[in-house]
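First the structure, in the form of structure tokens, and then the observations on it.
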Amino acid sequence: MSENAAENLAYVRGQIEKAAREARREPSSVQLVAIAKTFGADEILPVIEAGQRLFGENRVQEAKAKWPELRAEYPDIELHLVGPLQTNKVKDAIELFDVIQTVDRMSLASELAKVIAKTGGRKLPRFFVQINTGEEPQKAGIAPGDADQFIHACRAQHGLVIEGLMCIPPADEAPAPHFALTRKIAERNGLKLLSMGMSADFETAINLGATHVRVGSAIFGTRPKIV
Ligand SMILES: *Cc1c(COP(=O)(O)O)cnc(C)c1O
């Protein structure tokens, strides 16, 4: 990896293309979500200038401080929320994000629907449901066994446009079974999009059907340990 984020971006794009071809998939069927958390506009700008338009953040407050200005300059940027969403930040999140990948509990689905109704549908983000494939107590997400019912309720009760699933496999396990499980849940619920794979395992995720890979450090470099 180089100090130069634009060079890293080109390298990661090449690896995505290679992994897609090896899986006999169209490279264009895999979207790179550049995860910019902890990095500032000066570090993000070269990546935008290198052509990247799809970005992800894990905190609403941080995104609010960084992105409105960048988006004013580059209106075709698409922004995804990939971190946990507190119900008191739903209003900001709906204003800021095009896709919220972390719908992970009924109270959040209900609050999202409420706030969308209040805006008269002026801002209509798309949603992914986060699956806690490892059933880790400290991790957000719906347990695999509850997923079908939850997805159904999001759609039927709350009218949310659920487009896909996202997962973060346990750090100390091989990711492939978790990706495969997420894909299975998506297939039986008619969901086409799969957000899975990060810097360390996006090739494996592509092989198992990922349509969105979330890559941070392989592009921007190492983050401070806290995040
Ligand atoms: C930080 C983060 C990523 C990117 O992780 P890297 O290992 O730096 O690529 C992906 N997904 C989520 C949810 C994250 O919080």
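Only heavy atoms go into these numbers, but all of them, side chains included; no hydrogens, no water, no symmetry mates. Along the sequence shown, the residues carry numbers beginning at 1. Just so you know, ligand 1 is whichever comes first in the structure, and atom 1 is the first atom listed for that ligand. Computed from a prediction, not measured in an experiment: that's the story for all the values here.
Taking only nitrogen or oxygen atoms, main chain and side chain alike, S217 reaches within less than 3.5 Å of ligand 1. At under 3.5 Å, not a single nitrogen or oxygen of A218, backbone or side chain, sits near a nitrogen or oxygen of ligand 1.
Listed by number with element, the atoms of ligand 1 under 4.0 angstrom from any heavy atom of R214 are 4 (C), 9 (O), 10 (C), 11 (N), 12 (C), 13 (C). Close approach to S199 involves these atoms of ligand 1, each under 4.0 Å from a residue heavy atom: 6 (P), 7 (O), 8 (O), 9 (O). Listed by atom number, the atoms of ligand 1 under 4.0 Å from V215 heavy atoms are 9 (O). Set against the non-hydrogen atoms of I168, the atoms of ligand 1 under 4.0 Å away are 13 (C).
Nearest to atom 4 (C) of ligand 1 by heavy-atom distance, out of G216, G221, G197, is G216. Across the listed options E57, Q101, H80, K37, K37 owns the non-hydrogen atom lying nearest to atom 15 (O) of ligand 1.
To the nearest 0.5 angstrom, K64 atom NZ is 11.0 Å from F97 atom CZ.
Between F55 and W67, the ring planes lie tilted relative to each other; the angle falls in the 30° to 60° range.
For K89 and Q86, the side-chain atoms include at least one donor-acceptor pair closer than 3.5 Å. Judged purely by distance below 3.5 Å, without hydrogens or angles, the side chains of R223 and S217 never pair a donor atom with an acceptor atom.
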I would like to know whether V103 and L112 meet side chain to side chain contact (heavy atoms under 4.5 Å, CB included); could you show each step before the answer?
CA-CA 9 Å; V103 180; L112 285 163; 4.0 Å; yes
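Side-chain atoms of T182 never come within 3.5 Å of backbone atoms of C167 as a donor-acceptor pair (strictly under, hydrogens ignored).
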